[in-house]
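Throughout, residue positions are numbered sequentially from 1 according to the sequence presented.
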Amino acid sequence: MNDINNDDAIELGAGQGDGPLRNGNEEACFGESAEGGQEFGEEQLVECDDTGWVTRRSRRQSPRERSSEVLKNFIFGFGASFFYVASAMCILYGIVQIVGPALQTSGSMWDNLSCLLTLHVYEVALLCVALLIVLWKNVNDDAVTLVILIALFVVVSGIAMESMGHDGENGPVALLWIALGASMLAGGKIHALRKYLGLRFDPYLLGFTCVGLLWNFFTPCVFVWMRHRYDVRWEDMRGPWLGGWAVLLLCVAVLLVRLWKTKDGDEAEEERPFLKSRGMAWVFVSILIFAFSVHQYAVAHVFDIVKSAGDFVPVVMLTALVWAELRRAYGSRFGNFDHFILGVPVVYSAITIFGRAFSTDISSGMEYLFYPPALVLAYSIYCAAAGIFRRRYWMLVAAGVSLLLASLTMGVGAGSHELNYRLFGITVLLFCIIGGVITRRAEFAFSAVALVSLCVPHAHGIRNWLEMHRIAPVGMTLLLAGLQLQLITIFAREMFPRWMVRAATCMLAIGALAVFFPAKSGLYMPTGGSLAVLAVALVLWLRVRDRVALAVSLIPLAVVLYRAFMASTGWLYVFLSFVLLGVGAVMSLRKKGGPTG
């Protein structure tokens, strides 16, 4: 036993928990548990007791030692990304301090050119650092932060161009050359991201990125050229401003079409670093969409273009729909946060509509494409289509809420300042009818019946007709309620119990007596109304075979016959002949036929 050396004893002790040691020395094994695993915050001591066998005891780390370990893990694990972000914030703060006054005063182009060059140099530096850590050390996690910063700064350099080109006749031409050079440099950066960092841009994503970057760099040139060369007034620049914004939003809509054609889970890929996955390309494009929105606002601010919150409703809607389609394309289950994302466009649109935070001036013609109620209607149609065809029924909730908002506010600000309660009521009615047909639930049917029965008698034309004939609105309410319940029973007879069918027939008969039998009416309107009630009752009898309901439906006809008899006109006998003919036909049809031949 004494021939075993110290190393063998330590190895044996580490594997079995105890073993011989010749000299009784202690050896500390930091972070190693008695089972051979790692346990953070503990220190294992190996020593030899009096019998010559190894024993172990644990010692807890002090708070100072644990803090040191946490700091070390942060610096070497996540600290690099933190410092990258801090670096970007520092340069942004410095550039804003320099260029900020120029954005207000439209200073000299050459005074701001140094800031623009600094931004481009910083972008190149970000790209070089990303290439260095990926190609040399294969550090993909930190490179994700750098790529996000590159997407932000490539748009920031376009925003910085807003303060240039305002001075002199050669300013717009010089700004055009600067935009051309910046576009070529941005194209080189995108090429490097694809070839060396492995960003997976498909043709749709690459096309959006290229069009967006061209818009980013040449938009300032267009507005500077319009202002200085053609002396366009500030108020006349809103149309081109919305036109350029519409082109960019159309590109986002193309991305949405590309996602629509993707099947569930098709975007999910095999295990690979996030930097080299399709998801990183989508993150890059998402950052660009956000940055382009900020740039659009900056253009309006610098060139004093009239803007409103309603101008940004389309990008909010498109972003939410792209998010929902991406979640579906990756095969992810929807959660509460996803429902929140779908609800953001509806809430934002409601705020802009009820706060009148959108332009009602249609002089440029582009406002028709940015009318919030119409956009909400389009949003509801897309959500409904996605919910039905993609079997994502949770999107039907967003479709329903947005459709109600669109119906209530349609026309607000476009010639009227009142809410559209009539269209809103019709929409609610359609919801109740469709919901009742789909779910076969009586709650939806009762809601539709109540809405129609209570609202229709108070409509302008109906109300005037009732007042002219001195008919109480409650009679029309009972007539409509009974008629609707009977029609629902004809198409879905299992929805209501038999007692409710009889109650509906009573309401129909009472309503018919109140509406079709005014005090000074002749026999035409009562006869037509009673025959219509009888026709509905006969169809209902074929469905439910309820003799009580059929008998109650004959009451209006009996009243007509009584009035006709009391009037003693010749038409009584004409009408009675048709009635008797019908009765005889029914009795003949119920008779058993004799032998033929």
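Here the side chain of Arg328 pairs no donor or acceptor atom with the backbone of Ala386 at under 3.5 angstrom. Remark: side-chain polar atoms of Trp241 are not paired, donor with acceptor, to backbone N or O of Phe303 under 3.5 angstrom. At distances below 3.5 Å, at least one donor-acceptor pair connects side-chain atoms of Lys276 with backbone N or O atoms of Leu197. A donor-acceptor pair is defined here as one N or O able to donate and one able to accept, closer than 3.5 Å; such a pair exists between the side chain of Tyr348 and the backbone of Ala309. A donor-acceptor pair is defined here as one N or O able to donate and one able to accept, closer than 3.5 Å; no such pair exists between the side chain of Thr219 and the backbone of Asn216.
For an aromatic pair to be called close, the ring centres must be under 6.0 Å apart, and Phe370 with Phe358 fails this.
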_Could you walk me through whether Leu175 and Trp225 satisfy the side chain to side chain contact (heavy atoms under 4.5 Å, CB included) test, starting with their C-alpha distance in whole Å, then the side-chain angles of each, then the deciding distance to 0.1 Å, before giving a yes or no?_
CA-CA 9 Å; Leu175 187 60; Trp225 191 280; over 6 Å; no
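Scanning both residues, Leu288 and Phe208, for their nearest heavy atoms gives CB-CE2, 4.4 Å. Closest approach of Leu248 and Gly212 over heavy atoms only: CD1-CA, 3.8 Å. Summarising the geometry of Pro314 relative to Leu375, their closest heavy-atom pair is CG-CD1, 3.6 Å, with the distance given to 0.1 Å. The shortest heavy-atom contact between Ser157 and Phe217 is OG-CE2, 3.5 Å. Leu259 approaches Trp282 most closely through the heavy-atom pair CD2-CZ2, 3.5 Å. Contact record, Val376 with Ser402: CG1-O, 3.0 Å, taken as the closest heavy-atom pair.
No hydrogens or angles considered: nothing links the side chains of Glu325 and Tyr330 as a donor-acceptor pair under 3.5 Å.
We find the CG-OG distance between Leu275 and Ser277 to be 8.0 Å, quoted to the nearest 0.5 Å. Interatomic distance, Leu256 CG to Tyr204 OH, rounded to the nearest 0.5 Å: 12.0 Å. The line from CG of Leu214 to OG1 of Thr209 is 11.0 Å long, rounded to the nearest 0.5 Å. Distance CD1/Ile353 to OG1/Thr409: 3.5 Å, rounded to 0.5 Å.
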Side-chain polar contacts of residues 179-196 - donor-acceptor pairs under 3.5 angstrom, sequence neighbours left out - could you list them?
{"unit_1": "Ser183", "atom_1": "OG", "unit_2": "Ala179", "atom_2": "O", "d": "2.8"}
{"unit_1": "Lys189", "atom_1": "NZ", "unit_2": "Glu123", "atom_2": "OE1", "d": "2.2"}

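Relative ring orientation between Tyr297 and Phe312 is described as tilted, the plane-to-plane angle lying within the 30° to 60° band.
Within the 4.5 Å cutoff, side-chain heavy atoms of His295 are placed close to those of Trp215.
Around CZ of Phe354, the count of heavy atoms belonging to other residues, nucleotides or ligands within 6.0 Å exceeds 12.
In this structure, Arg238 pairs ionically with Asp311, as a charged nitrogen and a carboxylate oxygen lie closer than 4.0 Å.
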